[in-house]
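Below, chain A is the first sequence line, B the second, and so on; all start at residue 1.
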There are 2 protein chains.
Amino acid sequence: MAKQLTPKKQRFLDFIRSFSGDHDRAPTFHEIMEGLKIKSLGTVNWYVKELEKIGVLERGKYNAKRALSLLDQSTGNELPLLGLIAAGYPLEAVENRETIEVPISYIHPDNYVLKVKGDSMIDDHIEDGDYVIVRQKAEASQGQTVVAFVNNEATLKRYYLKPNGVELHPRNPDYDVIRVSAEDEFRIGGVVLAILRQYE
Amino acid sequence: MAKQLTPKKQRFLDFIRSFSGDHDRAPTFHEIMEGLKIKSLGTVNWYVKELEKIGVLERGKYNAKRALSLLDQSTGNELPLLGLIAAGYPLEAVENRETIEVPISYIHPDNYVLKVKGDSMIDDHIEDGDYVIVRQKAEASQGQTVVAFVNNEATLKRYYLKPNGVELHPRNPDYDVIRVSAEDEFRIGGVVLAILRQYE
DNA sequence: TCCTATTACTCGTAAGTCACTCGTAAGTAA
DNA sequence: TTACTTACGAGTGACTTACGAGTAATAGGA
């Protein structure tokens with residue numbers, strides 16, 4: 001994921017990041033200029049355009065003005081999109097690191113997002129394109145909805161631990177319960193916190 | 001998106017917050033002026049209008065009154081929950097002002113949230129308890145999913161304007177199209193932006 | 001070894017655009 | 001009247017954007 005930046009550009013980016021951390025706003029061109037001993041605003045502007053081109057920096061869309069116009073990639077309102085999930089298939093990793101915005105209460109280092117591919121979960125009213133917000137953990141409580149891997153096939157089910165083993169119940173009662181046997185390779189990918197569907 | 005305030009605006013907001021904490025009432029324009037070393041009421045008013053526009057500040061509803069007309073709002077990551085929606089029934093308003101958190105890019109003064117009641121929209125894979133994020137507006141483009149009111153009955157449908165009138169298509173093609181006739185009282189409550197389902 | 005081309009970066013300045021400012025005056029409740 | 005809110009018009013300068021030209025480092029070719 002290392003983007004192969006030139007050292008100077010990297011330094012420029014690091015400055016913005018640390019500045020934004022210290023004050024909680026992005027620096028102005030002037031502040032960058034002073035902080036980096038650059039002697040011209042044009043140079044600063046050149047960097048911004050350059051970094052914007054690569055996609056590691058964003059300008060404020062609405063604002064485009066004032067102190068807060070540069071925005072560092074992850075603003076802390078997003079979670080990483082780790083892959084595509086389709087019931088009955090292995091997880092399909094997503095190559096270029098993407099993130100999607102979620103309600104801030106879901107922001108947590110152990111949380112991540114999966115995108116649903118296909119209509120395999122339509123019975124649970126999860127459509128193609130929906131986003132699943134997941135808390136990464138290996139155990140679950142009775143009845144929680146989890147991302148489960150059985151023999152490396154992903155699925156979304158309610159988790160129950162019964163005396164004779166793990167049971168995975170579909171949320172839609174019209175479908176069958178999966179009983180995990182001892183021979184099955186089984187693992188919990190995380191607990192499902194929420195579903196987000198974006199129209200348009 | 002709309003979060004990033006300019007430092008000055010932030011300072012203005014902070015002042016109101018701390019003033020309200022100290023005296024339990026909102027400051028008058030004059031008090032803000034003195035407290036912030038502003039030399040003109042016009043400036044204060046400018047800030048108020050500005051902050052109101054972004055939706056982080058509210059004026060007293062019955063307007064123009066007493067010292068206490070400014071009201072600070074919550075964290076800015078939430079939208080108001082305006083009511084319960086069930087297909088085929090009038091909107092049911094929710095009495096006590098509630099809010100729910102949404103991804104920040106949905107934060108906008110014209111946006112609001114409805115909670116789905118019952119399984120009337122299950123065919124569109126919207127379950128009981130789901131939250132619908134809506135942008136309030138009276139018109140829609142072809143094919144957008146809208147909150148529509150036909151004869152005061154609410155429903156979620158795709159909107160199409162055809163030569164012979166408005167058509168409302170269910171998202172699920174197995175169901176029938178609603179054709180709005182001239183006698184029908186019809187109104188768009190807003191455009192659906194997203195669905196949020198919280199488990200547990 | 002020198003020549004040349006390319007890339008990475010630098011400078012300064014001029015033009016444009018809001019963010020924020022002021023003062024004053026009109027309006028509205030107690 | 002008093003205390004306060006709303007409205008308008010007109011700055012000003014902090015800040016961004018755009019342009020043109022210049023340097024420094026590297027690589028490749030002859």
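Atoms NZ (Lys39(B)) and C1' (dT24(C)) sit 16 Å apart, rounded to a whole Å. The distance between atom CE of Met33(A) and atom P of dT17(D), rounded to the nearest whole Å, is 16 Å. Protein atom CZ of Phe29(B) is 13 Å distant from nucleotide atom C1' of dT28(C), rounded to whole Å. Across the protein-nucleic acid pair, Leu36(B) atom CG and dA19(C) atom P stand 19 Å apart, rounded to whole Å. One atom, CD1 of Ile38(B), and another, P of dT21(C), lie 6 Å apart when rounded to the nearest Å. Between the P atom of dC22(C) and the NE2 atom of His30(B) lies a distance of 13 Å, rounded to the nearest Å. Protein atom CD of Glu34(A) is 14 Å distant from nucleotide atom P of dC11(C), rounded to whole Å.
Proximity of a side-chain donor or acceptor of Arg197(B) to a complementary backbone N or O of Arg197(A) within less than 3.5 Å is not detected. Without hydrogens or angle criteria, Asp124(A) side chain to Asn172(A) main chain gives a donor-acceptor distance under 3.5 Å.
Not counting sequence neighbours, the partners of Tyr160(A) by the ring pair (Phe, Tyr, Trp, His ring centres under 6.0 Å) test are His169(A).
Here the side chains of Tyr159(B) and Leu168(B) are in contact, with some heavy-atom distance below 4.5 Å. With a 4.5 Å cut-off on side-chain heavy atoms, Val150(A) and Glu185(A) do not count as touching. Taking the side chain as every heavy atom from C-beta outward, Pro170(B) and Asp123(B) never approach each other to under 4.5 Å.
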For side chain to side chain contact (heavy atoms under 4.5 Å, CB included), just list the numbers for Ile133(A) and Leu79(A), CA-CA rounded to whole Å, side-chain angles, deciding distance to a tenth of an Å, and then say yes or no. CA-CA 9 Å; Ile133(A) 305 175; Leu79(A) 289 178; 4.0 Å; yes
Check nucleotides 5-9 of chain C for protein N or O atoms closer than 3.5 Å to its own N or O atoms and list the pairs.
residue	atom	partner	partner atom	Å
dC9(C)	OP1	Thr6(A)	OG1	2.9
dC9(C)	OP2	Thr6(A)	OG1	3.0

Hey, what are the protein-to-nucleotides 19-21 of chain D N/O distances that come in under 3.5 Å?
none

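A side-chain contact (heavy atoms from CB on, under 4.5 Å) with Leu114(A) is found for exactly one of Leu156(A), Val147(A), Leu84(A), namely Val147(A).
Among the heavy atoms of the strands lying under 4.0 Å from Leu41(A) is at least one base atom, whether or not backbone atoms are also near.
Classification of the Phe15(B)-Phe19(B) ring pair by plane angle, with boundaries at 30° and 60°, yields tilted.
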